Structure formats: C-alpha cells, structure tokens
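Down below is the structure, laid out as structure tokens.
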Amino acid sequence: MRRIMSDSPTPPTGTGTAPAGGTPAGHARRRRPRPRHAVPAAIVVAAALGAGQLMTGSSGAQADPGAEVAADVVRVAEFVAECTFSHRLPDDPIVFPDLPGASHMHSFFGNTSVDAHTTVEDLLRGESNCDPVVDLSGYWVPTLYVDGEPVEPATATFYYLGEGVNENVTAAIQPMPLGLKMLAGNAVATSPDEASSRWSCLHAGHVEPSRDFVECPPDTMLESYLDFPQCWDGVNLDSADHKSHMSYPVAGQCPESHPVPVPKLRQVLRYPVNGDPSRFELASGPGYTMHGDLFNAWPEDEMERRVRDCINPVIKCGPDGRPS
C-alpha cells in the first residue's frame with residue numbers, strides 16, 4: 001500500500017498538549033467501573049526500573065541509539081500504520097463493553113471485527129485493513145456528519161512516535177503491552193478551551209488551526225490531529241475511568257506515578273470535506289469533542305522490533321518497520 005503521508009507528521013500549533021488535569025477526558029456517556037488487569041511481572045519490573053534505563057528486548061538484544069546506521073536515514077523516532085475505514089457501529093468495547101448500541105456512532109479503522117463484545121483474543125483472531133496487516137489493533141473515533149450524512153476519512157494514519165519527551169526517555173521507551181486500552185481527546189468538552197484535539201486544512205497553512213472545526217478552502221481537506229498519552233503506570237491495561245492508567249509527560253519526563261514510557265500515538269485523519277463548518281457535526285457533538293480510542297493488538301514481537309529499531313535509535317520507519 002502506498003504511503004499516505006511522505007513527511008513526518010507536523011501537528012498544528014498546540015497539538016499534543018495535555019488537557020486540563022494532564023489526562024484526556026472520557027466519553028460523554030456513563031462509564032461502568034472496569035476491573036484492573038495485571039500484566040506479566042517482567043513489565044512490572046520495567047516500571048520499577050524507571051524511564052532512565054534501556055530495557056532488553058525479547059530477543060535479548062539491546063537497542064543502541066549510538067549504533068552505526070545508514071547515512072541517509074531520517075532521524076525521526078517513528079513507525080506508522082496506515083489504515084482505512086472499516087465499519088460504523090454505535091458500540092465502544094472500552095467504555096461500554098458488551099453493551100451494543102450504548103454509545104454514540106463510531107467509525108472503526110484497522111481490525112475489521114471490532115464491536116461491543118470485542119476482547120484482545122478476538123482482535124488477535126481478526127483481520128486488519130492496515131498497512132502493515134500485522135497491526136491487528138482496533139482504532140475508532142466519533143463519526144463525522146456533514147449536512148446530516150456520515151463522511152469517513154479519506155486517509156487515517158496512526159503514527160507511533162518517540163517525540164514529546166527528553167532524549168534519555170526516548171532511548172528508554174518500551175513497547176505498548178498487548179491489550180492496552182487508551183483514550184485521548186475530550187468527548188464531554190463543553191467549549192474549545194476543554195479540547196485537546198486540533199483541526200486544520202491540508203495544504204492550506206494560512207488557515208489557523210483550531211480546537212473546533214475550521215473552514216477549509218476549495219480543493220483542500222479537513223484534518224484532525226490527536227495525540228494520545230505516552231506514560232503508562234506499568235501495571236494496568238485499563239482503569240475504571242479508562243484514563244488513569246496513562247498520563248502525559250511532564251517537562252519531558254514520565255511522572256513517578258506512570259514511570260514507563262511507551263510510543264506516543266498520533267492519530268491523523270483527513271476528511272474529504274471543506275467549506276462552511278456549520279455543516280459539520282461529530283456523533284459526540286461539536287468539533288471540540290473529537291476523541292479517539294486504541295485497543296492495542298500489535299503482535300508483541302512486531303511492536304518490540306519497531307520500538308527497538310525505530311523509536312529508541314530515533315529512525316523514521318515505514319509501515320514495514322524498516323527505515324523509510
């Protein structure tokens with residue numbers, strides 16, 4: 001599959017800042033408490049060691065950011081998954097597990113089997129429309145409506161990045177654990193000031209980015225940028241509010257409460273619409289309620305290899321996890 005974006009993702013000014021309180025707000029509907037999940041002891045040990053130490057991968061080989069690499073590699077800590085729209089459902093297996101129809105409408109990307117009942121085992125048995133197809137993760141966002149009709153992104157790129165933290169933290173980033181659930185954005189925002197997502201226009205840099213919908217010129221597309229938290233507590237794959245197990249970094253470091261740095265997921269969606277933004281609405285409400293969900297199902301060896309070969313040594317890799 002052809003690369004959708006040839007350059008490293010450059011968010012509009014302000015993209016990636018944490019919302020008030022330092023963590024992304026949740027969804028608009030009622031949440032049910034969810035059990036805390038334990039993960040293998042080796043990962044808990046990694047948390048205890050802290051972000052300052054570089055961990056050994058499953059192969060026993062350590063990432064070496066100083067190792068000799070090809071002279072023409074791009075020094076950006078990045079690997080990507082380029083996915084397409086799969087299906088729409090009023091389901092959310094993170095916030096409303098086993099409750100089909102309980103959510104507002106979502107547009108799903110990546111794993112084609114996701115519904116209200118989805119578990120990590122289901123994801124691993126499913127199929128993906130991403131490049132690479134080995135990424136079996138589920139990604140979903142509130143559906144965009146234009147003049148009352150659903151419109152899906154022309155492109156959906158999910159960047160896994162080592163930016164936003166100090167160099168020593170980038171070198172110590174760990175793979176996301178299998179089954180990790182994450183939310184980003186603020187589905188219950190009541191004003192743009194409470195939003196953490198950004199809207200902009202493709203090839204129209206003169207249009208000021210905004211936390212709400214923007215008016216894009218003809219022959220351009222509406223873009224949405226959203227950064228997920230990148231510091232994990234090292235123990236839980238989920239939490240009762242679906243956000244407390246994750247945190248945004250503070251001053252380039254992961255806080256003591258969330259000592260394990262993982263790749264920062266940046267969700268970039270491009271919608272084939274432009275013009276008057278009063279015609280636009282998300283299933284969750286205004287543009288400033290944009291949010292995203294990740295249910296991680298990268299095979300552990302593939303995630304580990306990409307972190308070791310792309311993120312830790314600060315090398316830009318393509319969907320195949322090789323220097324691009």
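Just so it is clear, the structure is predicted and the values come from calculations on it, not from any experiment. Values reported hereafter were calculated over all heavy atoms of this structure, with side chains retained and with hydrogens, waters and symmetry mates removed.
P323 places none of its side-chain heavy atoms less than 4.5 Å from the side chain of V74. Proximity of D92 to H106: side-chain heavy atoms (C-beta onward) are separated by under 4.5 Å at one or more points. The shortest distance between side-chain heavy atoms of C231 and P255 falls below 4.5 Å. For the pair W298 and P132, the minimum side-chain heavy-atom distance is below 4.5 Å. Using a 4.5 Å cut-off on side-chain heavy atoms (C-beta onward), P175 and E304 make contact. The shortest side-chain heavy-atom distance between F213 and L282 falls under the 4.5 Å cut-off. Counting heavy atoms from C-beta outward, M176 and M182 have side chains that approach closer than 4.5 Å. Side chains of N312 and I173 form a contact here, defined as non-hydrogen atoms less than 4.5 Å apart.
Of the possible polar contacts, one joining the T170 side chain to the G162 backbone as a donor-acceptor pair under 3.5 Å is found. The main-chain N or O of S128 is never found under 3.5 Å from a side-chain atom of N111 such that the two would form a donor-acceptor pair. Judged by distance alone, the side chain of Q174 and the main-chain N or O of A172 form a donor-acceptor pair under 3.5 Å. Without hydrogens or angle criteria, N186 side chain to A189 main chain gives a donor-acceptor distance under 3.5 Å. Formation of a donor-acceptor pair under 3.5 Å by the R306 side chain with backbone atoms of V80 is not found in this model. A distance-only check finds a donor-acceptor pair linking the side chain of R305 to the backbone of G321 [under 3.5 Å]. Put simply, the side chain of N296 never gets that close to the backbone of K181: no donor and acceptor are under 3.5 Å apart. Within the 3.5 Å criterion, the main-chain N or O of E163 finds a donor-acceptor partner in the side chain of Q230. Checking side-chain atoms of Y159 against main-chain N and O of K264 turns up no donor-acceptor pair under 3.5 Å. With T143 contributing its side chain and P150 its backbone, the two residues share no donor-acceptor pair below 3.5 Å.
No continuous path of hydrophobic side-chain contacts links M221 to V214 [ILVMFWY only; heavy atoms under 4.5 Å]. At a threshold of 4.5 Å between side-chain heavy atoms, the hydrophobic network of Ile, Leu, Val, Met, Phe, Trp and Tyr places L226 and L202 in two separate groups. In the hydrophobic clustering of this structure, I94 groups with V114; members are Ile, Leu, Val, Met, Phe, Trp, Tyr whose side-chain heavy atoms approach within less than 4.5 Å, directly or through other members.
Around the NE2 atom of H203, the shell of radius 6.0 Å holds no more than 12 heavy atoms that belong to other residues, nucleotides or ligands. Annotation: D219, atom CG; neighbour count of heavy atoms from other residues, nucleotides and ligands within 6.0 Å does not exceed 12.
Between the side chains of D233 and H258, no donor-acceptor pair of N or O atoms lies under 3.5 Å. In the model, S210 has no side-chain atom that pairs as donor or acceptor with a side-chain atom of D212 under 3.5 Å. A donor-acceptor contact closer than 3.5 angstrom is absent between the side chains of Y288 and W199. Inspection of the H242 and S239 side chains reveals no N or O donor paired with an N or O acceptor under 3.5 Å. Remark: the T84 side chain and the N129 side chain contain an N/O donor-acceptor pair separated by less than 3.5 Å. For E127 and T112, the side-chain atoms include no donor-acceptor pair closer than 3.5 Å. Residues E82 and T157 have side chains that never bring a donor and an acceptor to within less than 3.5 angstrom of each other.
Residue L178 is tested with L136, L124, L237 for a side chain to side chain contact (heavy atoms under 4.5 Å, CB included); the sole match is L124.
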Practice problem: Check step by step if side chain to side chain contact (heavy atoms under 4.5 Å, CB included) holds for D115 and D122. | Solution: CA-CA 10 Å; D115 60 21; D122 295 327; 5.9 Å; no
Exercise. Check the pair H104 / H291 against ring-ring contact (aromatic ring centres under 6.0 Å, His included), numbers first and verdict last.
Key: CA-CA 12 Å; H104 52 244; H291 54 284; 5.2 Å; yes
Quiz item: Please walk me through it: do F108 and Y139 pass ring-ring contact (aromatic ring centres under 6.0 Å, His included)?
Solution: CA-CA 6 Å; F108 291 84; Y139 307 89; over 10 Å; no
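With respect to the salt-bridge test (charged N to carboxylate O, under 4.0 angstrom), the residues R125 and E121 do not qualify. Here E152 pairs with R88 in a salt bridge; the nearest charged N to carboxylate O distance falls below 4.0 Å. Ion pairing between E194 and R211 fails under the 4.0 Å rule for side-chain N and carboxylate O.
With side-chain heavy atoms closer than 4.5 Å counting as contact, directly or through intermediates, the hydrophobic cluster containing Y145 also holds M105.
The aromatic rings of F109 and F85 lie perpendicular to each other, with more than 60° between the two planes, well past the 30° mark.
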